[in-house]
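Worksheet: one structure, shown below.
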Amino acid sequence: MSERKDFLRTIVEADLKSGKVKEVVTRFPPEPNGFPHIGHAKSIAINFGIARDYNGHCNLRMDDTNPTKEDTKYVQALKDAVEWLGFQYKGDIRYTSDYFDKIYEYAIELIKMGKAYVDSLPEDEIREYRGTVKEAGKRSKYADRTVEENLDLFERMKKGEFKDGEHILRAKIDMSAANMKMRDPLMYRIRHAEHFRAGNKWAVYPMYDFAHCLSDYIEGVSHSICTLEFENNRDIYNWVLETLKLTPPRPYQHEFARLGINYTVMSKRKLLELVEGGQVDGWDDPRLPTIAGYKRRGYTPESILAFCASVGIAKANSMVDVSQLEFCIRDDLNPKVPRVMCVLDPLKVTIVNYEGSEEIESSYYPHDVPKEGSRKLPFSKDICIERDDFMENPVKGYFRLTPEQSVRLKGAYIITCKEVIKDASGNVVEIKAEYSKESKSGSDTSGIKVKSAIHWVDANSAKEVEVRLYDRLYSVEAPEGVEDLNADSLKVIKTALIERAVIDEKPDERFQFERQGYFYTDPIDYTDTKPVFNKIVGLKGSWDKKSKKTEAAPKERVKKEQVDGDVVAMSQEQEALFTKYTKELKLNSEVANTLARDAQLSAFYEEALSLLDSPVSLANIITNEVARELKTMAVEELKFSVKQISELVKLIDDKTISNKIAKQVFEEMVKSGSNPKKIVQDKGLVQISDPEVIGAIIDEVMSKNPDNVEKFRAGNNKLLGFFVGQVLKATGGKANPQVVNQLVAQKLQ
Ligand code: ATP
Ligand code: MG
């Protein structure tokens with residue numbers, strides 16, 4: 001248990017102390033409609049972790065109330081994930097569908113109490129009648145049906161006498177409730193679909209809000225822990241349990257912040273699109289943030305749990321920098337795994353003055369790793385080094401092999417380049433070198449000074465292996481779609497050379513390839529005749545070097561999140577702002593939370609609001625973009641003004657530019673302090689909405705991808721996203737996404 005208690009554990013302890021709770025029972029309740037991702041790992045760590053810490057237990061429950069999207073292969077993946085992370089659920093896997101009979105009984109009870117009714121309004125009218133945040137809703141005329149009528153209709157809904165959507169069971173609560181969710185929420189809907197477990201027994205399925213609280217109750221759950229987006233559902237949760245006057249003990253709901261990581265997407269729906277669209281190679285593609293993906297890539301359960309712990313449990317959502325996760329796996333592997341040598345892009349070196357061969361005893365572990373074990377490194381006159389460890393015309397500060405500069409072969413001798421052999425087109429194909437007999441590592445009396453040591457392999461005994469180099473799946477921090485995918489997220493090298501011992505002796509499954517990073521024997525494709533290694537992570541945050549700009553901010557954010565691990569209660573003023581933002585201005589609770597807790601941000605926001613009446617769009621830009629800038633500087637130091645932010649939002653609102661382009665404009669404002677309109681004009685960023693222009697681009701994309709057109713027409717709907725992405729890309733993100741979506745769908749028909 002961490003020394004600093006998080007707010008959930010504080011609640012649990014208080015409940016135990018006051019006697020409100022006798023045994024801590026939690027549950028992890030995924031919907032089996034996709035593979036779990038690292039966000040689920042956080043939820044698993046919290047639910048199972050709390051149960052363990054307080055000698056209680058945690059159930060694994062499939063929330064399978066949606067018959068059309070669920071599948072047993074996802075159940076298996078969820079089970080695997082929990083077990084791989086090292087947790088044990090109590091008893092068998094549970095299913096909400098196991099409780100369908102009981103839940104149905106509870107619905108009947110509510111009807112009999114006059115607390116639920118069958119509504120027959122069409123869907124759009126139900127929506128319309130719900131009202132808005134400012135206006136109360138209107139109750140349906142069907143709400144006056146008698147108990148007998150309701151019972152009869154509900155029974156017939158169950159038997160399948162009606163079509164989907166014809167009737168719906170609603171709780172009778174309050175159509176003018178401030179919490180919109182309480183305006184007669186939907187409890188049961190008609191779905192003529194086969195359920196993967198219940199078969200065709202049911203034509204009605206309970207909605208989340210009805211099924212979840214009752215399933216928790218049935219299982220004797222004490223603390224029902226979920227993510228923040230369910231905050232407003234808590235009122236229904238309580239209403240159902242209280243109205244039914246259930247025998248105690250009953251569960252209580254508590255919310256925590258969702259985990260988000262940059263450079264990736266984190267929703268089963270979006271992940272499913274990538275899998276089905278063929279952008280990745282299955283759910284366990286090592287580039288995906290799925291638990292199966294991390295597992296296959298070579299992450300350890302320990303590193304994932306360490307990451308979840310380092311993120312902490314907070315009440316405010318935030319984006320965690322992916323380098324924090326990468327830090328955790330390096331930190332875990334560094335003291336554990338053997339160091340070996342593998343040359344990814346071999347360049348032949350012939351040591352002309354060496355004769356015969358020898359074997360050099362070499363430890364697998366550096367001095368500071370308290371593990372023992374060594375192997376024999378074969379050495380002869382034929383060796384290979386990394387191509388970029390030699391430069392004929394070196395740049396300044398290059399410390400490796402050049403015609404004038406000797407280098408040490410790690411664990412072996414110092415070599416000096418004597419001749420550079422090239423092919424007809426001028427590529428270096430071989431180095432002829434000489435070694436110094438006295439320079440052997442550990443007994444060097446040569447007196448030669450070198451600036452670095454490079455890795456190498458003995459050409460005659462090395463094994464050829466495949467190495468898969470993974471990089472971030474998306475090239476932008478907050479990806480929006482396929483157009484943001486990193487084209488270089490996978491590089492396959494088929495002709496890497498690795499020292500023999502790795503294959504013959506198999507000292508481990510994970511290795512540090514000297515100077516390259518950490519690697520894992522691919523658990524599926526690796527065979528002794530065709531070994532395959534996955535790159536888990538590089539040795540340092542090489543990505544940070546590539547994009548300097550993102551360096552400062554994410555670290556700040558990480559720190560803040562950790563500090564937020566213990567939630568500080570809001571002051572009265574903050575509470576008041578929060579209420580105003582959520583209730584009056586319709587901001588979602590996380591955005592409202594961020595604003596309300598930060599005086600500087602809320603002041604900025606209020607001023608912007610006085611200039612432009614667009615509460616939601618302003619809040620989005622301010623909590624995302626402006627907030628990031630304010631983490632590293634004071635308001636007075638910003639190059640842009642509140643007024644310019646309101647102008648930027650106006651450009652989005654009147655559809656002159658897309659959200660995506662707005663980000664680009666904002667970056668420019670940060671740098672130059674220019675007016676957003678001017679930036680848009682100067683750079684030609686105006687959104688393209690003209691169907692003719694967009695149509696022409698679509699035609700071009702289609703003609704370039706005839707295969708995908710054919711596949712789409714043969715039924716692969718997922719390719720729609722591909723085409724939309726291509727068109728957006730072709731216009732540099734300037735095309736109006738709605739128009740593109742519509743036209744692409746039309747043209748592909
Ligand atoms: P997704 O949007 O990825 O489909 P979900 O919330 O619909 O996720 P569920 O299968 O319903 O996924 O979630 C199971 C549990 O995991 C829930 O309690 C949910 O709150 C939690 N969970 C899901 N995503 C995250 C996340 N990113 N961070 C923390 N917990 C999460
Ligand atoms: Mg879901």
Side-chain angles (χ1 to χ4, degrees), residues 6 8 26-51 58-66 68-71 73-82 85 87 89 93-96 207-209 211-213 215-216 219 221 223-234 237 251-276 283 288-294 304-305 307-320 322 324-325 478 561 565 588-590:
D6 57 77
L8 288 172
T26 56
R27 82 289 170 265
F28 171 59
E31 184 181 352
N33 61 348
F35 273 52
H37 48 64
I38 192 153
H40 293 106
K42 177 174 177 183
S43 179
I44 291 170
I46 290 174
N47 280 297
F48 284 92
I50 287 181
C58 180
N59 294 343
L60 172 58
R61 183 202 313 150
M62 300 297 146
D63 181 18
D64 57 348
T65 53
N66 184 353
T68 56
K69 296 207 175 127
E70 295 155 2
D71 200 312
K73 72 168 181 261
Y74 300 135
V75 174
Q76 186 62 40
L78 284 154
K79 177 176 183 285
D80 289 349
V82 169
L85 287 172
F87 294 111
Y89 47 88
I93 298 182
R94 294 146 206 257
Y95 295 86
T96 302
M207 307 293 288
Y208 171 89
D209 280 324
H212 203 84
C213 52
S215 305
D216 283 346
E219 289 180 8
V221 167
H223 296 85
S224 179
I225 299 166
C226 64
T227 35
L228 275 179
E229 68 273 22
F230 293 101
E231 204 172 0
N232 288 336
N233 301 61
R234 196 197 318 136
Y237 190 100
Y252 288 87
Q253 178 182 308
H254 306 278
E255 309 90 21
F256 70 96
R258 243 180 137 73
L259 171 67
I261 299 186
N262 60 3
Y263 295 102
T264 193
V265 291
M266 192 96 87
S267 109
K268 284 175 286 179
R269 184 181 55 77
K270 288 190 184 160
L271 296 172
L272 179 68
E273 275 169 19
L274 292 174
V275 172
E276 292 196 332
W283 281 104
L288 287 179
T290 53
I291 297 177
Y294 288 117
I304 302 276
L305 292 174
F307 171 70
C308 293
S310 77
V311 166
I313 308 176
K315 264 265 184 201
N317 283 353
S318 73
M319 188 64 86
V320 178
V322 62
Q324 193 175 345
L325 174 63
E561 165 83 353
N588 74 36
S589 57
E590 36 177 296

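Sequential numbering from 1 along the given sequence is applied to the chain's residues. Each ligand, and each atom within it, is numbered from 1 in the order the structure gives.
Using a 4.0 angstrom heavy-atom cutoff, Glu31 counts as in contact with ligand 1. Put simply, no part of Lys270 is less than 4.0 Å from ligand 1, judged by heavy atoms.
Nearest heavy-atom pair, Asn59 versus Tyr89, reported as atom, atom and distance to 0.1 Å: C-CB, 4.3 Å. Considering all non-hydrogen atoms of both residues, Pro289 and Tyr294 come closest at O-CE1, 3.2 Å. Counting all heavy atoms, side chain and backbone alike, Leu305 lies closest to Leu85 at CD1-O, 3.4 Å.
Phe87 pairs by the ring-ring contact (aromatic ring centres under 6.0 Å, His included) definition with Phe48, not counting sequence neighbours.
Polar contact with ligand 1: absent for Lys42 (N/O pair, distance under 3.5 Å). For a threshold of 3.5 Å applied to N or O pairs, the pair formed by Glu229 and ligand 1 contains no separation below that value. Taking any N or O of Gly39, backbone or side chain, at least one lies under 3.5 Å from an N or O belonging to ligand 1.
The closest heavy-atom contact to atom 6 (O) of ligand 1, among the options Arg27, Arg258, His40, comes from Arg258. Distances from atom 14 (C) of ligand 1 to the heavy atoms of Pro36, Pro30, Pro32 show the closest one on Pro30.
Without hydrogens or angle criteria, Thr227 side chain to Arg258 main chain gives no donor-acceptor distance under 3.5 Å. Without hydrogens or angle criteria, Thr96 side chain to Met62 main chain gives a donor-acceptor distance under 3.5 Å.
Contacts of Arg269 with ligand 1, taken as heavy-atom pairs under 4.0 Å, are absent altogether.
Residue Thr227 approaches ligand 1 through these ligand atoms, each under 4.0 Å from one of its heavy atoms: 19 (C), 20 (O), 29 (C), 30 (N), 31 (C). Annotation for ligand 1: atoms under 4.0 Å from non-hydrogen atoms of Phe256 are 29 (C), 30 (N). For ligand 1, the atoms lying closer than 4.0 Å to a non-hydrogen atom of Phe28 are 14 (C), 15 (C), 16 (O). The ligand atoms of ligand 1 that sit less than 4.0 angstrom from a heavy atom of Ser43 are 15 (C), 16 (O), 18 (O), 21 (C), 30 (N).
In this structure, Arg234 pairs ionically with Glu255, as a charged nitrogen and a carboxylate oxygen lie closer than 4.0 Å.
Taking the six-membered ring for Trp and the full ring otherwise, Phe230 and Tyr208 have centroids separated by under 6.0 Å.
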